[in-house]
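Everything numeric here is computed off the predicted structure, so don't read it as measured data.
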Amino acid sequence: QVQLVESGGGLVQAGGSLRLSCAASGRTFSSFAMAWFRQAPGKEREFVGSITWSGASTTYADSVKGRFTISGDNAKNTVYLQMNSLKPEDTAIYYCAAGPSLYGIRRKPDYWGQGTQVTVST
């Protein structure tokens with residue numbers, strides 16, 4: 001049973017930082033890519049960024065490029081999303097996902113976490 005468990009969400013002021021974690025378990029993820037998505041109230045879920053399990057490659061949505069960084073710790077089976085210079089428009093539920101490839105995961109992840117709320121106040 002694959003499990004992705006996010007943590008680290010919360011309330012932060014604009015300009016602040018948060019780090020989200022995604023702990024993966026239930027199978028070997030070495031052939032997978034990992035990604036973060038988010039869904040704001042009333043909006044569709046959108047891609048934030050992805051990383052190969054090795055950590056060698058990453059991709060980001062234009063809206064977060066230069067502010068957010070994805071990294072991983074293979075020993076802990078954990079992926080992180082470091083979010084800096086947060087804006088109110090970053091407010092959303094953030095989801096971790098696992099999928100077939102760095103770019104393929106954007107279209108069809110295989111597994112999802114339950115999400116963690118991030119709220120950025122003005």
Ile51 to Thr58 - nearest heavy-atom pair and separation: CG1-CG2, 3.7 Å
For residues 2-11, please give each side-chain donor-acceptor pair under 3.5 Å, one per line with the distance, not counting sequence neighbours.
residue, atom, partner, partner atom, Å
Glu6, OE1, Gln114, N, 3.0
Glu6, OE1, Gln114, NE2, 3.3
Glu6, OE1, Gly115, N, 2.9
Glu6, OE2, Cys96, N, 2.7
Glu6, OE2, Gly115, N, 3.2

Asn77 CG to Arg27 CZ distance, which is reported to the nearest 0.5 Å: 11.5 Å
Qualifying disulfide bond (SG atoms under 2.5 Å apart) pairs with a residue from residues 37-82, counting only residues at least two apart or across chains: none
Centroid separation Phe32 to Trp53 less than 6.0 Å: no
same_hphob_cluster(Tyr80, Leu18) at 4.5 Å side-chain heavy-atom cutoff: no
Between Ser57 and Thr52: side-chain donor-acceptor atoms closer than 3.5 Å: no
Pi-cation contact, Tyr95 with Arg38 (under 6.0 Å, within 45°): no
Common cluster, Ile105/Tyr94, ILVMFWY with side-chain heavy-atom separation under 4.5 Å: no
Nearest-0.5 Å distance that lies between atom CZ in Arg19 and atom OG1 in Thr69: 11.5 Å
Over 12 foreign heavy atoms within 6.0 Å of CD, Glu89: yes
Salt-bridge criterion met for Asp90 and Lys87 (N-O under 4.0 Å): no
Ala92 versus Gln117, closest heavy-atom pair with distance: O-NE2, 3.4 Å
Single-linkage hydrophobic cluster, 4.5 Å side-chain cutoff, Leu102 and Phe68 together: no
Sub-4.5 Å side-chain heavy-atom contact between Thr119 and Val12: no
Exercise: identify the closest heavy-atom pair between Ser50 and Thr59: OG-OG1, 2.6 Å
Sequence-distant partners of Phe37, ring pair (Phe, Tyr, Trp, His ring centres under 6.0 Å), two or more places apart: Phe47, Trp112
Ser54 OG to Asn74 CG distance, which is reported to the nearest 0.5 Å: 7.5 Å
Whether Tyr60 side chain and Ile70 backbone form a donor-acceptor pair below 3.5 Å: yes
Flag side-chain contact, heavy atom, 4.5 Å: Leu20 against Thr116: yes
Ser17 and Met83, any side-chain heavy atoms less than 4.5 Å apart: no
Ser25 OG to Gln1 CD distance, which is reported to the nearest 0.5 Å: 9.0 Å
Side chain to side chain, Cys22 and Trp36, heavy atoms closer than 4.5 Å: yes
